[in-house]
Amino acid sequence: MAASAPRLAEKRVGQVVMPGDVLLLPAQPDADGERLRLAPVGPQKGRLVCGPGLRRGPEGLLVTKCGLLRYRGPAGQAGGGTGSGSGGTYWVDSQQKRYVPVKGDHVIGIVTAKAGDIFKLDVGGSEQASLSYLAFEGATKRNRPNVQVGDLIYGQFIVANKDMEPEMVCIDSSGRANGMGIIGQDGFLIKVSLGLIRKLLAPGCEIIQDLGQLYPFELVLGMNGRIWVKAKTIQQTLIVANILEACEHMTAEQRKQAVAKLSES
Amino acid sequence: MSLPEEEAGPRVPSAERLRRTRIRKRQGEPRGWRARMEREQKRFESGELPALRRIVCEQGLLSRPDGSASWMQGDTSVLVGVYGPTEVKVSKEIYDKATFEVMLKPKIGLPGVYERSREQMIKKTCEAAVLGTLHPRSSITIVLQVVTDGGSLLSTSLNATCVGLMDAGLPLNSLFSGVTCALDADGNLTLDPTAKQEKEARAVLTFAIDSTEKKVLMSSTKGTCSVEE
């Protein structure tokens, strides 16, 4: 069948893929696997990573989500589908609303319960995440962080897999807060789609740059689709929040016009 | 914008794409979709190919569910909302895969035995298509609302469910589609029958077919027929 005939993965980069499609890899995966096992542990040159929306099948990569197929070269540069023989990352860029916890993601959680020495956080996934009271900067058994039910917390997943309860921390590996922790009392939290968050977090995002020209404001972006905004006045906060919500379906042109109109008034 | 293609998103051409997949599913001729569509058109005009009613589809029209779609096949229209993966009741929890809950709401009144049996059929089809093992101990809830029923309701619900699952971004093995066909007293086959044709038919058969191997995921028969199809 033409619909399900396997095609070379590099030919499909930038195109729409559908669940059930099979993508062939240029290098023989078996031979590759053999070499990986013999070689010392660590990231290697010829290693191919299969990202979200793709699964390893017997014939090649099996697509499990609809969206655009993307590829990034092994050295981190965006290769437009050329020279993918030596490894790199393939993934499917899809629109989604529901968050599934991923290890290392920075998210905004809402405290729902305090149970002994852990807090329960709603992160928008299928299960509540747990956060130890010791996982804050400068926290000791004596010096507990002041966390109340309903507070917003910006943290990072250290345990996130399908079989276990996700676990978060608010410190990095050297014990520093590094921007994480409890988010202040005022400000405004909005929920957007995961695609928009990824767009906003992309390096050199124009939306943030455009908005930054209006007036100063604070912004926290969680990979789980939550955005916290705070500007000098409530009115300014709401303006930023509304633009961020609306810009998902706006073109760059429309957004520039909207921002220009605001900066005049 | 560093990723300009993202503006278009995957959902824009989906209705057209799905229509194509459906056509492809009916007639498994390879070699390029354009040639196939032209061939299809010729056969359609000559009356060789049974006519389908017009298909209209809209994705992501509801704001609250994680995935939503409205699917219309002629006068039959179904609205679907997909929630998941979400938290699940301990009593319904399955430790190695996702729990599916399907609710089919009729146009008027409360769901009865008929709806319950349809729910089970859709549920089993979804379980076959969705990679439930990737989200163990969670629930995937599918709510279907019948807007209008003009025949071929089960196949319309199946198609709506598939588009809803796609919109929710759940991991799928393959896509699936539903086809209803009616056999009349003379043995003539009508695809996608209307309510009137269904009533006059000797037998009404509904199949769910997956997009990769073109295998039957679910079948339902009403009336009598031989092993002819």
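Just so we're on the same page: letters track the sequence lines, and every chain starts at 1.
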Is the number of heavy atoms from other residues, nucleotides or ligands under 6.0 Å of [X] [atom1] greater than 12?
| X | atom1 | value |
| --- | --- | --- |
| A/Lys120 | NZ | yes |
| A/Lys114 | NZ | yes |
| A/Lys256 | NZ | yes |

Legend entry - Minimum heavy-atom distance between B/Leu170 and A/Lys65, given as atom pair plus value: O-CG, 4.4 Å

Legend entry - Exam field: side chain A/Lys97 to backbone B/Gly67, donor-acceptor pair closer than 3.5 Å: no

Name every donor-acceptor pair, under 3.5 Å, that has one atom in a side chain of residues 126-142 of chain B and the other anywhere in the protein, sequence neighbours excluded.
unit_1	atom_1	unit_2	atom_2	d
B/Arg137	NH1	A/Glu127	OE1	3.4
B/Arg137	NH2	A/Lys162	O	2.9
B/Arg137	NH2	A/Asp163	O	2.8
B/Ser138	OG	B/His135	O	2.7
B/Ser139	OG	B/Thr86	OG1	3.2

Inset, instruction - Heavy-atom distances under 4.5 Å only: say whether B/Ser63 touches chain A with side chain, backbone, both or neither. - result: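 Only the backbone of B/Ser63 comes within 4.5 Å of chain A.
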
Legend entry - Engaged part of A/Val63 at the chain B interface, taking heavy atoms whose separation is under 4.5 Å: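 Contact with chain B is through the backbone of A/Val63 alone.
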
Inset, instruction - Give me the one residue out of A/Leu62, A/Leu54, A/Thr64 that meets side chain to side chain contact (heavy atoms under 4.5 Å, CB included) with B/Pro171. - result: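 The side chain to side chain contact (heavy atoms under 4.5 Å, CB included) with B/Pro171 is passed solely by A/Thr64 among A/Leu62, A/Leu54, A/Thr64.
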
Legend entry - chain A contacts, top residue of B/Asp96, B/Asp66, B/Asn173, B/Val88 (heavy-atom pairs, under 4.5 Å):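 Looking at each of B/Asp96, B/Asp66, B/Asn173, B/Val88 in turn, B/Asp66 comes out on top.
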
Inset, instruction - Could you give me the CA-CA distance, side-chain angles and deciding distance for A/Cys66 and B/Met166, then say whether side chain to side chain contact (heavy atoms under 4.5 Å, CB included) is met? - result: CA-CA 7 Å; A/Cys66 338; B/Met166 247 165 73; 3.1 Å; yes

Inset, instruction - Report the distance from atom CG of A/Asp21 to atom OG of B/Ser211, rounding to the nearest 0.5 Å. - result: 7.5 Å

